[in-house]
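Quick notes on the structure that follows.
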Amino acid sequence: MELGRVNRLEIDRDTPPGLFLIDEEGNDVLLPGKYIPENFQIGDLIDVFIYLDNEERIIATTEMPYMQLGDFAWLRVNQVTKYGAFLDLGIEKDLFVPFNEQARPMQAGKSYLVYMFLDEKTDRLVGTSKINRFLSNENLTVEQFDEVDIIVSHMTDIGVNVIINQLHKGLVYQDQVFKDVRVGDVLKGYIKKIRPGNKIDVTFEQIGYRNIEPNAKVILDELEKNDGFLGLTDKSNPEIIKQILQMSKKTFKKAIGSLYKAKKIKIEDDGIYLIGGDSDN
């Protein structure tokens, strides 16, 4: 039974306070009555999040939190007290972030990127916005061209800093950003390059030949939405292409090239026209 994580447990017995659930080792935990499913049988398996309640008792809930132990997430501050900040975790109990774990003083109503860890002194689930110590590029678990899960951590003049697979730090250079992104966004990304020192360059688009097919589909979808015409060509302004299709001009040219070869489109001076099947008209 793991504190701070979703566990699949067996319903062992029904009591007035609620259901008692057990793990494979026979350890039990209470699922309070307000979380009991409408239909259940003794012996059923149920997914619950395990945490400590306000009286420091281990407890289960069927509410699913926004993050689990060892995760990064963008959470909103519900209140700040003399003890620290309390962030909305998506369950009845907030996530506590003490003042010494705040990269800058948190304010009620604002949201912050935080990491959840287990405080070894108190056995409590705690959040921190001092996230760098929980990220490492020393031993990489990704390779070039891999599709990865990313969280936008912060913006700089160079580009968009991201967290890769909840483990590593990466960067999307500013000239590679072809869509609107905000801090806290959870997106798919692709490993573009691994530089000396295990520095990871990331892109929001698939790389090389890998990005032709999905981006071609984006163009086809846009053509279908616009009665088979798109007023873009390989001479169009890159910013206009970015605004309409959220892709670079280079990617756009590759995609329309593949569509042209497949005889899906014809390219005229005023734009692109959708054609059907194998027709070349």
Side-chain angles (χ1 to χ4, degrees), residues 74 140-195 199-281:
W74 187 251
L140 297 183
T141 60
V142 296
E143 298 179 349
Q144 189 177 22
F145 305 131
D146 281 358
E147 180 181 273
V148 293
D149 295 314
I150 59 176
I151 301 174
V152 176
S153 60
H154 60 284
M155 312 289 191
T156 69
D157 291 338
I158 299 174
V160 178
N161 288 265
V162 298
I163 296 170
I164 303 166
N165 289 348
Q166 301 277 350
L167 295 170
H168 309 307
K169 292 184 285 186
L171 175 68
V172 183
Y173 281 99
Q174 193 63 49
D175 63 359
Q176 294 294 308
V177 180
F178 304 111
K179 61 172 73 177
D180 292 329
V181 295
R182 297 178 297 175
V183 174
D185 282 352
V186 179
L187 305 164
K188 290 293 183 183
Y190 304 91
I191 306 300
K192 183 176 183 181
K193 184 179 182 181
I194 297 176
R195 294 183 282 119
K199 295 179 179 179
I200 306 174
D201 294 347
V202 183
T203 177
F204 295 126
E205 297 182 334
Q206 288 187 328
I207 299 160
Y209 69 89
R210 295 168 176 82
N211 74 350
I212 294 176
E213 185 177 349
N215 285 302
K217 186 178 185 308
V218 170
I219 293 171
L220 286 176
D221 289 344
E222 196 69 23
L223 282 164
E224 290 175 356
K225 284 192 295 184
N226 290 280
D227 297 324
F229 174 73
L230 194 56
L232 297 173
T233 70
D234 57 4
K235 295 181 176 62
S236 295
N237 186 299
E239 287 301 315
I240 299 297
I241 295 172
K242 175 182 173 181
Q243 181 180 353
I244 295 174
L245 298 174
Q246 296 193 336
M247 66 179 68
S248 67
K249 183 170 182 176
K250 184 177 179 181
T251 296
F252 169 72
K253 289 171 70 174
K254 286 182 180 179
I256 63 171
S258 69
L259 290 171
Y260 182 78
K261 288 178 182 178
K263 298 183 178 179
K264 298 289 186 184
I265 62 170
K266 61 178 179 178
I267 303 172
E268 303 289 353
D269 291 340
D270 59 342
I272 305 166
Y273 291 84
L274 182 65
I275 57 179
D278 296 325
S279 170
D280 57 1
N281 295 316

Take atom CG in Asp180; do more than 12 heavy atoms of anything else shown fall under 6.0 Å from it? no
Can you tell me how far apart CG (Leu171) and OG1 (Thr203) are? Round to the nearest 0.5 Å. 11.0 Å
Identify the heavy atoms of Glu147 and Tyr190 that sit nearest to each other, and give their distance. OE1-OH, 3.3 Å
Lys249, NZ atom: more than 12 neighbouring heavy atoms under 6.0 Å: yes
Val162 and Ser153 have their tightest heavy-atom pair at N-OG, 3.8 Å
With rounding to the nearest 0.5 angstrom, report the CD to CD1 distance, Glu222 to Ile244. 7.0 Å
Note, Lys179 side chain near Phe204 side chain (heavy atom, < 4.5 Å): yes
Sequence neighbours excluded, which residues qualify as side chain to side chain donor-acceptor pair (under 3.5 Å) partners of Thr156? none
With sequence neighbours left out, write down each residue that passes salt bridge (charged side-chain N to carboxylate O under 4.0 Å, His left out) with Asp149, or none if nothing qualifies. Lys188
Rounded distance [0.5 Å steps], CG in Leu230 versus OG in Ser236: 8.5 Å
Distance, nearest 0.5 Å, that separates NZ of Lys169 from CD1 of Ile200: 10.0 Å
Using a 4.5 Å cut-off on heavy atoms from C-beta on, say whether the side chain of Ile272 contacts that of Phe252. yes
Between Ala255 and Ala216 the two heavy atoms that sit nearest each other are CB-N, 3.9 Å
Roughly how far, to the nearest 0.5 Å, is the NE2 atom of His168 from the CD1 atom of Ile150? 13.5 Å
Rounded to the nearest 0.5 Å, the CD atom of Gln246 sits from the CG atom of Asn215 at a distance of 11.0 Å
Side chain to side chain donor-acceptor pair (under 3.5 Å) partners of Gln243, counting only residues at least two apart: none
Could you point out which residue of Val142, Ile151, Asp146 forms a side-chain contact (heavy atoms from CB on, under 4.5 Å) with Ile164? Val142
List for me each residue that meets side-chain contact (heavy atoms from CB on, under 4.5 Å) alongside Gln144, sequence neighbours excluded, and say none if there are none. none
Residues in side-chain contact (heavy atoms from CB on, under 4.5 Å) contact with Ile267, at least two apart in sequence or another chain: Ile256, Tyr260, Ile265
Contacts of Asp185 meeting side-chain contact (heavy atoms from CB on, under 4.5 Å) (sequence neighbours excluded), chain-then-number -> Val152, Val181, Arg182, Leu187
Selection residues 227-245 - residue pairs positive for salt bridge (charged side-chain N to carboxylate O under 4.0 Å, His left out), sequence neighbours left out: none
Greater than 12 external heavy atoms within 6.0 Å of Glu268's CD: yes
Under the side-chain contact (heavy atoms from CB on, under 4.5 Å) test, residues paired with Arg195 that sit two or more places apart: Tyr173, Lys193, Lys199, Asp201
Would you call Lys217-Asp221 a salt bridge at under 4.0 Å N-O? yes
Shortest non-hydrogen pair, Lys264 vs Leu274, comes out as O-CD1, 3.5 Å
Who passes side chain to side chain donor-acceptor pair (under 3.5 Å) against Asp270, sequence neighbours left out? Tyr273
Tell me every residue that passes side chain to side chain donor-acceptor pair (under 3.5 Å) with Ser248, counting only those two or more places apart in sequence or in another chain. Thr251
Is any side-chain heavy atom of Asp269 closer than 4.5 Å to a side-chain heavy atom of Thr233? no
With no hydrogens and no angle check, is any side-chain donor or acceptor of His154 less than 3.5 Å from a backbone partner on Val183? no
